[in-house]
Amino acid sequence: MAKICDICGSKIGFRSFRCQDGIICKKCYPIVSNRFTSTITRKTVAELRQLYEKNAAPIDLGEGGFQVTRKIGTVLLLDEQKKKFCIPSNRNITKSYTRPEVFSYSQLAGYKLVTKPSMRPEELAALFGDKKSNTVIQHLAVCLRLTDGSIRELTIIPSAVRASSYAFQKSYQIAMNLFPELDMICESL
């Protein structure tokens, strides 16, 4: 008797994946495992169905789709022809999977630099040039305020680094490269 996938109901061929109380086919596995970032062995079929419904829906690219014309690090993608920007899943930095989100330029209401400990941009700029600083930056992000009142955080430094480190220097440059692009988006309205 052929095995049946407990998510989609299709016949399972040679390759199958076991969860706590069922079997998943190779087409459903990438969806329920958050693109191979987590295992499913300790999850139930009911939990996997919820993940499938959450992750399987196509990403809304808006009218006309989304074509990447420029990237700012790994934190922001731009489609300059259609006047859209995308916040991709930055799994390497945040250590968690999130679905990419696409917004039109008109949805961006503002942005600001957020640090922990709290610092003004001028103070961060002074640290950028200081190779002997012992200051520790625990978190660095650019927060985007959208017209619907929601906030999206572009995390650049997720954990503590010294301001004199190479990691801080490169991350600070990425943050500074975001500002002209975000200014251009806000001014294009």
Side-chain angles (χ1 to χ4, degrees), residues 33-39 42-43 47 50-51 54-55 59-62 66 68-80 82-189:
S33 67
N34 288 327
R35 307 289 177 246
F36 307 104
T37 61
S38 63
T39 60
R42 293 190 180 131
K43 295 182 179 164
E47 291 170 324
Q50 288 176 343
L51 285 170
K54 178 182 156 193
N55 295 334
I59 297 167
D60 182 14
L61 300 177
F66 187 88
V68 177
T69 58
R70 194 160 24 155
K71 293 162 99 175
I72 294 93
T74 58
V75 294
L76 192 67
L77 307 174
L78 299 173
D79 183 344
E80 297 164 312
K82 296 179 187 96
K83 300 200 179 291
K84 296 179 185 178
F85 64 94
C86 175
I87 301 171
S89 173
N90 207 349
R91 192 171 63 217
N92 293 336
I93 292 178
T94 61
K95 305 298 182 215
S96 65
Y97 174 80
T98 57
R99 297 195 67 187
E101 295 181 277
V102 176
F103 303 96
S104 70
Y105 283 7
S106 62
Q107 290 177 278
L108 182 63
Y111 63 92
K112 70 177 181 175
L113 184 67
V114 176
T115 63
K116 195 186 275 181
S118 184
M119 293 183 173
R120 294 188 324 268
E122 301 83 32
E123 293 172 308
L124 273 177
L127 287 175
F128 176 69
D130 187 1
K131 301 287 185 193
K132 297 178 181 172
S133 175
N134 287 327
T135 306
V136 174
I137 306 297
Q138 296 170 352
H139 184 76
L140 177 67
V142 175
C143 286
L144 306 179
R145 186 172 36 87
L146 303 174
T147 53
D148 66 359
S150 63
I151 303 287
R152 297 298 188 278
E153 186 176 280
L154 305 177
T155 302
I156 300 169
I157 297 177
S159 57
V161 297
R162 289 193 184 277
S164 59
S165 71
Y166 180 75
F168 173 76
Q169 304 293 317
K170 292 308 273 182
S171 298
Y172 178 79
Q173 287 176 332
I174 290 170
M176 293 304 109
N177 289 342
L178 278 170
F179 292 151
E181 300 300 329
L182 295 172
D183 283 339
M184 183 266 311
I185 290 171
C186 289
E187 291 170 2
S188 70
L189 302 176

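When the options Gln169, Met176, Lys170 are evaluated for a side-chain contact (heavy atoms from CB on, under 4.5 Å) with Tyr172, the one that passes is Met176. Each of Asp148, Ile185, Thr147 was evaluated against Gln107; a single residue qualifies, Thr147, per the side-chain contact (heavy atoms from CB on, under 4.5 Å) test.
Counting heavy atoms from C-beta on, the side chains of Val75 and Leu178 come closer than 4.5 Å. No side-chain heavy atom of Leu76 sits less than 4.5 Å from a side-chain heavy atom of Val142. Inter-residue side-chain proximity for Arg152 and Ser150 is flagged as met; some heavy-atom pair is nearer than 4.5 Å. For the pair Leu146 and Phe103, the minimum side-chain heavy-atom distance is below 4.5 Å. With contacts defined as side-chain heavy-atom distances shorter than 4.5 Å, the pair Glu153/His139 qualifies. Taking 4.5 Å as the limit, every side-chain heavy atom of Leu144 sits out of range of all side-chain heavy atoms of Ile151.
Asn34 places no side-chain N or O within 3.5 Å of a backbone atom of Thr37 that could act as its donor or acceptor partner. A donor-acceptor pair under 3.5 Å is formed between the side chain of Ser171 and the backbone N or O of Ala167.
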Stepwise side chain to side chain contact (heavy atoms under 4.5 Å, CB included) test for Leu108 and Phe85: CA-CA 9 Å; Leu108 182 63; Phe85 64 94; 4.1 Å; yes
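For Glu80 and Thr69, the side-chain atoms include at least one donor-acceptor pair closer than 3.5 Å.
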Which pairs of donor and acceptor atoms, one on a side chain in residues 118-129, lie under 3.5 Å apart (sequence neighbours left out)?
residue : atom : partner : partner atom : Å
Arg120  : NE   : Glu122  : OE1          : 3.2
Glu123  : OE1  : Arg120  : N            : 2.7

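Pairing each heavy atom of Phe168 with each of Arg162, the nearest pair is CB-O, 3.4 Å. In plain terms, the two heavy atoms of Leu140 and Ala175 that are nearest each other are CD2-CB, 4.5 Å.
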